[in-house]
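Letters go in sequence order (proteins before strands), and every chain restarts at 1.
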Amino acid sequence: MTKVEESRGDAVAKPVLTLPSPHNEDWHWSRLNALEALSGEEHGQFPLPNQSSFWSGLTGPKLLFVDGVYQAEASHAGPVKVEAVTEKSQNPLGKMTNGQIGWTLNLEETCAEPIEILYLGSGGAYHMPSSIRLAKNVSATLVETYAGQGWSNRFSYFDLGENARLQRLARLSCEGGFTSLIEEGSLGEKACLITDWIGNKGADSRIDQRFDLNASGAELMSGGAFLAREKQRHDIMIITRHIAEGCQSRQKLRALADDQSTVSLAVRTEVASSAQKSDGEQSLKGLLLSRDATVNMKPELEIYADDVKCAHGAAVGELDPQALFYLESRGIDPEEAKDLLIQSFVMEAFISKPDSLLYSTWLHDTEHWAGEK
Amino acid sequence: MSKLLEIRNLRAEVDNKQILKGLNLEIGAGEIHAIMGPNGAGKSTLSYVLSGKPGYTVTDGSALFMGKNLFDMEPHERAAAGLFLGFQYPVEIAGVSNLHFLRAAANAQRKTRGEDEISAGEFIKIASKEAKALGINPEMLKRPVNVGFSGGEKKRNEMMQMAVLQPKLAILDETDSGLDIDALRIVSESINRVMRQPDRSVLLITHYQRLLDHVKPDFVHVLAKGQIVRSGGPELALELEREGYGELVA
Ligand SMILES: Nc1ncnc2c1ncn2[C@@H]1O[C@H](COP(=O)(O)OP(=O)(O)OP(=O)(O)O)[C@@H](O)[C@H]1O
Ligand SMILES: [Mg+2]
């Protein structure tokens, strides 16, 4: 277990919460009042999970944060710097990270090895910003893992130069508490940001990704699988505005809800009149594993340009009994058959290239969820 | 000869509709039986009842498989005991690769029987060999189960599963329909190779004599209105081909 450093500055004193309430949020979002309780709690209420199972075993840069505090002795940061982040968020949750210490990555050259960042929580809250800047033609791979307990409130800013490419995996693997990810930034010409989120454990979550595609040919690919059980909630919102010509955006989200859990997916794509030759695809699917579970979906397309290719699909269903029987008739027991179908369902949401570390990690996480039931 | 399957007075319904109405059938080890019969007679229903498909309710009668009550077993346990159903309409399963599925099936059966699992490497060898024998492109092993497969490819895929799983009793529901002439020959060869053995049996459900030219049945039965209404040797199929079901279904 990693020792929690006690050297926290005044900057992390408890912030005053001004969170949105259902009055000023317009959809099926979970109430954020629980966060007030979480933010008032002390760190150290829960033992930290064993970190070793969360690292890939590769030799790239690795950073460990415990309750938002950098653990230098357990990290080798490579090109990543732990410092204040200048970019600010206007998002109500994102704002809480403004001015806090976080990390920055400023790459002038391609980083061949994946950069891994592990955030462990022992209870209580932390608010941490980060900023990634990739210069022209630079590519990088990033794996961020949230584990343990408490409220992890993270603001990520992305600035990708022309033709830069970032592939990232965000693993929401906290056993309890809340994980909020606020993601914003700017993509240069033909820059590509690929994100795969996976929520496979017990924490509630909120993801808020907003990008304006201001440079032609930029690509924003966002995939996610959110697996919820008991009274868990995942709220995902992606707003993409196509402003320049020839940009691509894709959102592939899969929601899997068991027990009395709720997953809400809201995806909004706007195509401005200037954004000819835009290519947008929204694919939302939900799978209900119990009668009391809920999947909310809100796919929205607002198109003001005439020469565009936009598709959207949304569907909620149950496990296919024909497929279950087919598997069982070959000797696979009902639980394993169910797990196989669940995996095949969430697999579609994985966007990064299937031969990467991201894929095997992602696969491991989906198996893990299925296997636990 | 000892009986592999003994069905006595089987009555079964689906959606409260009686489909099987007192069906009797015995299949001995090493025998190949063919069931023919008009559309809607209950042939597929029989195959589903024997393999345990949910929604099919046995209301009377019994089925013993190698001396054990089939209806006391879950579908996966029946498979592990050696029952295989070749589906009339194989199911597509997006996102699960053929190879992964097959290995999961083979290992699940082994586990249920208390045997050791097959390693991934060893399994690929077995599956590739069987794929080759059936003229299945090895690339198809990587594709999701039956997704985008042609009708004939799906049937070949069923036969590949049978070859890998090595069942004691294969119920093949219209495995011949949708096969081109060459595929029919290839599939028949694999049925003969895998299943023509002293301790194995086949129940072929078919509408056509041409399959029976390749896989020669020892017995032929006519299923009509939920019962076996006539049984005979291979000559019965030829007679039906010439004369139709006529009186048998009246
Ligand atoms: N879910 C169901 N509800 C009501 N009737 C059903 C249901 N499923 C099957 N049946 C009926 O049961 C009867 C037998 O069907 P089955 O599929 O067993 O016929 P079959 O002998 O295999 O026919 P075919 O040669 O066309 O394949 C048919 O009349 C069919 O309509
Ligand atoms: Mg049929």
Neighbour count >12 (heavy atoms, 6.0 Å) for atom NZ, B:Lys111:
no
Where A:Leu340 and B:Val96 come nearest, the two heavy atoms and their spacing
O-CG2, 3.7 Å
Could you state the interatomic distance from CD1 (B:Ile93) to CG (A:Leu327), rounded to the nearest 0.5 Å?
4.0 Å
If you round to the nearest 0.5 Å, how far is CG of A:Leu324 from NZ of B:Lys53?
11.5 Å
If one checks every heavy atom of B:Gln109 against chain A at 4.5 Å, the contacting part turns out to be both
Examine whether an atom of B:Pro167 lies under 4.5 Å from a heavy atom of chain A, and if so say whether it belongs to the side chain, the backbone or both; otherwise answer neither.
neither
Using a cut-off of under 4.5 Å for heavy-atom pairs, which of B:Ala106, B:Ala81, B:Ala79, B:Ser97 has the most such pairs with chain A?
B:Ala79
Run the salt-bridge test on B:Glu158 and A:Arg330 with the 4.0 Å N-O cut-off and return the result as yes or no.
yes
Within-4.5 Å side-chain heavy-atom neighbours: B:His76 and A:Ile332
no
For A:Gln322, is it the side chain, the backbone, both, or neither that has a heavy atom closer than 4.5 Å to a heavy atom of chain B?
both
Assess whether atom CG of B:Asp116 is packed by more than 12 heavy atoms of other residues, nucleotides or ligands within 6.0 Å.
no
Could you tell me which non-hydrogen atom of B:Ala94 sits nearest to which non-hydrogen atom of A:Ser344, and how far apart they are?
O-CB, 2.8 Å
Please test B:Phe84 against A:Ser329 for side-chain contact (heavy atoms from CB on, under 4.5 Å), starting from the C-alpha separation and ending with a verdict.
CA-CA 7 Å; B:Phe84 178 87; A:Ser329 79; over 6 Å; no
Chain A shares the most heavy-atom pairs under 4.5 Å, among B:Ala80, B:Ala104, B:Pro90, with B:Ala104
B:Tyr89 ring center near A:Tyr326 ring center (under 6.0 Å)
no
Considering all heavy atoms of both residues, which atom of A:Gly331 and which atom of B:Ala108 are nearest to each other, and what is their separation?
O-CB, 3.2 Å
